[in-house]
Asks: 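My questions will all concern the structure given below.
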Amino acid sequence: MSFDDHVEELFAEYQRQRSSVTTLQERMSKVQGSATSPRREVTVAVGQNGVLTEISFPTSAYRRMTPAELQATIMQTFTEAKEQVMEQAAALIAPLLPPGMDAAKMVRGEAGPDMYLPPEGPRMTSGVRALLGLDPEQR
């Protein structure tokens, strides 16, 4: 393969990846979830990144609740709707991640550096290691 062919191949791969990311971004912007409390006091809708988009009260049942009960019900229902969004987002990005990366932890912000970086450090050819003074035989 000539150098020009190799450059063309790399550019084509870049274009494919860029298109894939654009498609992912469009799909992620449409992620949404909603939940209704068990006794139908409240319905909560959530959009991308778990942003609250709507609260509604489908029945008058909320009127019989104390403020503390209503707050707890709204927060629990919000959590359920947000969980739907997180699951959808993880399902969208999982196919794009390398094996072993946990998409659910990533979208929840629970992924530490160990998820992204191998513990043994970057793999390098012996020539690069020697150039950087990391060749164990030269010590």
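Source: prediction; values computed, not measured.
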Asks: Working to the nearest 0.5 Å, report the span between CD of Gln25 and CD of Gln48.
Replies: 8.0 Å
Asks: Ignoring hydrogens and geometry, is there a side-chain-to-backbone donor-acceptor pair from Arg27 to Thr23 under 3.5 Å?
Replies: no
Asks: Taking only residues two or more places apart in sequence or in another chain, which ones pass side chain to side chain donor-acceptor pair (under 3.5 Å) with Glu8?
Replies: none
Asks: Using 0.5 Å steps for rounding, measure from the NZ atom of Lys82 to the CE atom of Met75.
Replies: 8.5 Å
Asks: Using a cut-off of 6.0 Å, state whether more than 12 heavy atoms not belonging to Glu83 lie near its atom CD.
Replies: yes
Asks: Report yes or no: do Glu13 and Gln17 form a side-chain donor-acceptor pair below 3.5 Å?
Replies: yes
Asks: Can you give me the closest heavy-atom contact between Thr53 and Gly47, atom names plus distance?
Replies: CG2-N, 3.6 Å
Asks: For residues Ser37 and Thr77, report the shortest heavy-atom separation together with the two atoms involved.
Replies: CB-OG1, 3.5 Å
Asks: Donor-acceptor pair, distance only, cut-off 3.5 Å: does the side chain of Thr73 make one with the backbone of Glu69?
Replies: yes
Asks: So which heavy atom on Leu96 is nearest to which on Ser20, and how close?
Replies: CD2-OG, 3.7 Å
Asks: Can you see which heavy atom on Val44 is nearest to which on Phe78, and at what distance?
Replies: CG1-CA, 3.8 Å
Asks: With a sphere of 6.0 Å drawn around CD of Gln71, does it hold more than 12 non-hydrogen atoms of other residues, nucleotides or ligands?
Replies: no
Asks: Counting only N and O atoms by type, is there a donor-acceptor contact under 3.5 Å from the side chain of Gln32 to the main-chain atoms of Ala45?
Replies: no
Asks: Any sub-3.5 Å donor-acceptor pair from Ser56's side-chain atoms to Pro58's backbone N or O?
Replies: no
Asks: Have Glu80 and Gln76 got a donor and an acceptor in their side chains that come within less than 3.5 Å?
Replies: yes
Asks: Testing Leu70, Ile74, Val42 one by one against Met65 for a side-chain contact (heavy atoms from CB on, under 4.5 Å), which residue passes?
Replies: Leu70
Asks: State, with a plain yes or no, whether a side-chain heavy atom of Ile93 is found less than 4.5 Å away from one of Val107.
Replies: yes
Asks: Does the Ser19 side chain pair with the main chain of Arg16, one donor and one acceptor, at a distance under 3.5 Å?
Replies: no
Asks: Shortest non-hydrogen contact from Ser34 to Gln84?
Replies: O-NE2, 2.8 Å
Asks: Give me the atom names and distance for the closest heavy-atom approach of Thr36 to Arg40.
Replies: CG2-CA, 3.9 Å
Asks: Does some side-chain heavy atom of Ile55 sit less than 4.5 Å from a side-chain heavy atom of Thr43?
Replies: no
Asks: Are Met28 and Val51 linked, directly or through other ILVMFWY residues, by side chains that come within less than 4.5 angstrom of each other?
Replies: no
Asks: Are there more than 12 heavy atoms of other residues, nucleotides or ligands under 6.0 Å from atom CD of Gln15?
Replies: yes
